[in-house]
Each structure stands twice: as structure tokens, then as C-alpha cells.
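Before any comments, here is the structure.
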Amino acid sequence: MAESSGSGSVSVDVERISFGGKDHLVRTRCGSVTVAVYGDEDKPALITYPDVALNYMSCFQGFFFCPEVASLLLHNFCVYHINPQGHEMGAAPMSSAVPVPSVDDLADQVADVLDFFSLGSVMCLGVTAGAYVLTLFATKYRERVIGLMLVSPLCKSPSWSEWLYNKVLLNLLYYYGNQGLVKECLLQRYFSKKLRGDAQCPESDIVRASRSLLDDKQGENIWRFLHSINERHDLTDSLKKLQCRTLIFVGESSQFHEDAIHMATKLDRRYCALVEVQDCGSLVTEEQPHAMVMPMEYFLMGYGLYRPYQLSSSPRSPLSPCCISPELLSPESMGVKLKPIKTRVGISL
């Protein structure tokens, strides 16, 4: 057991290793969270935060199993996967006596995690609700975030339709738990209709795997995180104060497509890039992780970070800096709306 005198937090190492590394239970000012650490802790830190009812396994497994992603991110970062309270694998139902955290509490938890691991400035990667939490963290602790990579992010208060939809979902969770209709609503939140299938076409393996992982989640714990996000406040006025570059991905079939577009228009266009992924829902990290590789490479080159050079015949993602069109490395290019299949690449022969 390790203790940190700075914030009074405590970490207990869990005796199991998963694809994301070793799990730590970190006590924060708003309860304990599980953090999986993977990589060399001497490298810069990458913080991840998943969407509602997901943990790092169900939100980022396909993403980090993509070889190009693994070589890019694990070569340059030590990854700290933060699980929302009660969302870790095998979590027990949380007591109703435990106060439900606000979104500001969730952002402060991220700061407590950084304090425990003695991390300074970090890169952040969040999905939908997790993207909101990390964006809020970046607005509250601007000096601690060097960059944001956001997938189908939220930044506004819920619309009346979203708020009402979530209230119905919260009632279903409260009275019936994590049952069939709730799972269907969550899968619609994550994936495109094409992947979910219909009467003529069966659902994909990715959706079936996600459905299976949802079986492990406790309805009470999902209710808490969804309730916090449904009471979120508008971050629009704070976005101009961000001091870091931002890369936004959103599926064109995502329920939150308009929210992502809104966020991209409110950020400083010199330091923001928007990538719309065709035929994809909100969970781009699982549905089309390969579409994220090339934009991330361009984005991270602005920080002097590259993938290790190796010979490859894959056209998806160039491995050598000499293959990158120079104009994509300029700050002005960060305002360009990129399409993964149309990213400009100049190949030196």
C-alpha cells in the first residue's frame, strides 16, 4: 500500500494484470476510482476516460489492439486508464448512502489521480461523457493539460430531448436495473445502426461483445454516472480559455454529432481539428479505430512525437515523418476539417 501525503489519497495494487496493465485503487476527495496503468511511467502521461456504462476495457480495447495505435501511443506515453466509480470489471453495487458526484467532482477526481501518480501536465483522451469530464478538467486545471483528444464529445448542457431521454433511462435503471431495454438504449448510444444490424442483417461481433460486457455492469452504478452527466453545465464560454491543442473525432451517425460540431466551432480554430468518421456511431474507438490513426499522428507531431520507424506496406498510416505533407504540421492546419479517407499525404519517392 502506498500513501500520498499531498492529497491524502491511498492506492492499493490489485493482484491482477489485464490488457491495460496493473490496476490501482486511488482514493480521491469524492470516493475511490480504479486506475489501470500501462507502460513506462517515465514517459509522458496519457489519461483516458470512458463513456457512460463503459470502462477502459469496453471503451478502448479495440482501439489499443489496433497495431498502429499501440505503436504510436505506447511508444510515446504511459497510459493511465481512469474508470468511473463502480464501472471497473466485477464492481459491486454502490451504496445509495454514497453521495452522487457532480461533474465538477468528477473533474476534481482526475486532478487527485494526477496528484497520486505525481503527474504534471498530461495528454487526455475521452469518449462522450468521458470527453466532457476531461474537457471540464482542462478548463479548471489549464496548466495540467497539454492536449485533448476527444471522441464524440459533449460540451453543452443537455437539450430538453436529451435530458428527457436520459431521465427515462435513469428511471428504468432505478426501478429495473441494467436490463434488456437499457442495454439496447446504450448500444444505440455507442454504435451506428449499420453495426447494430436489423431483421435482415445480424448485429456485428463488436456489438455482441459490447452487449456481453454490459452484462457485468451494475444498474445502480450506471445510474450514478448518467445522473451526473445529465446534470452537466455548459462549457461553451470556457472553451476559448483552453491553452492546449484539441483533436475531435465524431462519427457521422453519432447521436452527439451536432454537439461535436458545436464544440469545434467554439474552440480556437488555430489549435483545433475536427475529424468526421463516415459510417460510424459515437464509439469510434471500437467501431473504426483505424480511422483515428493518421489524424492522431499529425496531431502528435505538433508535440514532437512519432511512431517508431518500421517498414510497412499499409497505406493507412505513414510511418516516416518524410511522408507527411508539411502544411499539415502548421498550427493553421489545426482548423482544417479532416476526413480520414481524404487526409493529404505527400509521398517522397
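All values reported here derive from a predicted model rather than from experimental measurement.
Ring-plane geometry between F117 and H24 is classed as perpendicular, the angle between the planes exceeding 60 degrees on a 0 to 90 degree scale with a lower cut at 30.
Proximity of V284 to V250: side-chain heavy atoms (C-beta onward) are nowhere separated by under 4.5 Å. Residues E184 and R211 meet the side-chain proximity criterion, which asks for heavy atoms closer than 4.5 Å. A 4.5 Å side-chain heavy-atom check between T236 and H262 finds at least one atom pair inside the cut-off. Residues P44 and N76 fail the side-chain proximity criterion, which asks for heavy atoms closer than 4.5 Å. Residues Y165 and C185 form a side-chain contact, since some pair of their non-hydrogen atoms from C-beta on lies under 4.5 Å apart. Counting heavy atoms from C-beta on, the side chains of V277 and M292 never come closer than 4.5 Å. The closest side-chain heavy-atom distance from F256 to R189 is below 4.5 Å. D108 is listed as a side-chain neighbour of Y141, based on a closest heavy-atom distance under 4.5 Å.
Remark: side-chain polar atoms of R196 are paired, donor with acceptor, to backbone N or O of F191 under 3.5 angstrom. Remark: the backbone N or O of G62 is paired with a side-chain donor or acceptor of E286 at under 3.5 angstrom. Side chain of S228 to main chain of V103: no donor-acceptor pair is present (N/O by atom type, distance under 3.5 Å, no hydrogens or angles). Remark: side-chain polar atoms of D216 are not paired, donor with acceptor, to backbone N or O of S212 under 3.5 angstrom. Judged purely by atom type and a 3.5 angstrom limit, D105 has no side-chain atom pairing as donor or acceptor with the backbone of C30. Without hydrogens or angle criteria, D115 side chain to D112 main chain gives no donor-acceptor distance under 3.5 Å. The closest donor-acceptor contact from the side chain of Q109 to the backbone of T28 lies at 3.5 Å or more, if one exists at all. Between the side chain of N178 and the backbone N or O of Q218, no donor-acceptor pair lies under 3.5 Å. Side-chain N or O atoms of R224 include none that pairs as donor or acceptor with a backbone N or O of G86 at under 3.5 Å. At least one donor-acceptor pair closer than 3.5 Å links the side chain of S152 to the backbone N or O of S282.
Distance check, rounded to the nearest 0.5 Å: CE of M296 to CG of L305 gives 12.0 Å. Note: R232 CZ to D234 CG = 9.0 Å, rounded to the nearest 0.5 Å. Put simply, CG on L169 and CG on L181 are 8.0 Å apart, with the number rounded to the nearest 0.5 Å. Distance CG/L247 to CG/L300: 8.0 Å, rounded to 0.5 Å. Distance check: D51 CG to I229 CD1 gives 8.0 Å after rounding to the nearest 0.5 Å. Atom CG of N83 sits about 6.0 Å away from atom OG1 of T34, to the nearest 0.5 Å.
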Inset, instruction - Please step through side chain to side chain contact (heavy atoms under 4.5 Å, CB included) for the pair L148 and C124, ending with a clear verdict. - result: CA-CA 5 Å; L148 289 169; C124 294; 3.7 Å; yes

Inset, instruction - Might you work through the side chain to side chain contact (heavy atoms under 4.5 Å, CB included) test for E252 and Q278, ending with a clear yes or no? - result: CA-CA 5 Å; E252 290 188 337; Q278 298 174 346; 3.5 Å; yes

Legend entry - Steps toward salt bridge (Lys or Arg N to Asp or Glu O under 4.0 Å) verdict (R307, E297): CA-CA 8 Å; R307 277 204 289 149; E297 284 192 284; 3.2 Å; yes

Inset, instruction - Report the C-alpha separation of Y56 and F60 in whole Å, then their side-chain angles, then the decisive distance to 0.1 Å, and conclude whether the ring-ring contact (aromatic ring centres under 6.0 Å, His included) test is met. - result: CA-CA 5 Å; Y56 75 96; F60 298 107; 8.3 Å; no

Inset, instruction - Could you please spell out the steps behind the salt bridge (Lys or Arg N to Asp or Glu O under 4.0 Å) verdict for E162 and K156? - result: CA-CA 11 Å; E162 183 195 347; K156 298 188 293 183; over 6 Å; no

Inset, instruction - Just do the side chain to side chain contact (heavy atoms under 4.5 Å, CB included) check on L187 and L214 with the steps written out, would you? - result: CA-CA 9 Å; L187 292 172; L214 284 173; 4.1 Å; yes

Inset, instruction - Decide yes or no on side chain to side chain contact (heavy atoms under 4.5 Å, CB included) for L125 and V151, but give the supporting numbers first. - result: CA-CA 8 Å; L125 169 63; V151 180; 4.3 Å; yes

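In plain terms, the two heavy atoms of L136 and H233 that are nearest each other are CD1-CE1, 3.8 Å. Between F137 and A107 the shortest heavy-atom distance is CD1-O, 3.5 Å. Between P84 and L54, the closest heavy-atom pair is CD-O, 4.0 Å. Across all their heavy atoms, L283 and C59 have their closest contact at CD1-SG, 3.7 Å. Shortest non-hydrogen contact noted between L114 and G120 is CD2-O, 3.8 Å. The two atoms that bring Q288 and D279 nearest to each other are NE2-O, 3.0 Å, heavy atoms only.
Under 3.5 Å, the side chains of E287 and S192 contain a donor-acceptor pair of N or O atoms. When only modelled atom types and interatomic distance are considered, S58 and H87 share no side-chain donor-acceptor pair under 3.5 Å. Of the N and O atoms on the side chains of D104 and S102, not one donor lies less than 3.5 Å from an acceptor on the other residue.
A salt bridge links K183 with D215: the closest approach of a Lys/Arg side-chain nitrogen to an acidic carboxylate oxygen falls below 4.0 angstrom.
Linking ILVMFWY residues whenever their side-chain heavy atoms come closer than 4.5 Å, directly or via other members, leaves I222 and V98 in distinct clusters. The hydrophobic cluster containing L119 also contains M149, counting ILVMFWY residues as joined when their side-chain heavy atoms lie under 4.5 angstrom apart, directly or transitively. Both Y303 and Y80 belong to a common hydrophobic cluster when Ile, Leu, Val, Met, Phe, Trp and Tyr are linked at side-chain heavy-atom distances under 4.5 angstrom. If you chain together hydrophobic residues whose side chains sit under 4.5 Å apart, L154 and W163 never meet in one group. Residue F225 is grouped with residue V168 when hydrophobic side chains (ILVMFWY) are merged at heavy-atom distances under 4.5 angstrom, including chains of intermediate members.
Counted within 6.0 Å of NZ on K193, heavy atoms from surrounding residues, nucleotides or ligands total 12 or fewer; the atom is thus considered open. In the displayed structure, D237 atom CG is contacted under 6.0 Å by at most 12 heavy atoms of other residues, nucleotides or ligands. Annotation: K241, atom NZ; neighbour count of heavy atoms from other residues, nucleotides and ligands within 6.0 Å does not exceed 12. Surrounding CD of E231 are more than 12 heavy atoms belonging to other residues, nucleotides or ligands, all under 6.0 Å away.
Just one of V127, D259, L235 meets the side chain to side chain contact (heavy atoms under 4.5 Å, CB included) condition when paired with Y132; it is L235. Partner of L73 under the side chain to side chain contact (heavy atoms under 4.5 Å, CB included) criterion, out of V293, T48, L46: L46 alone.
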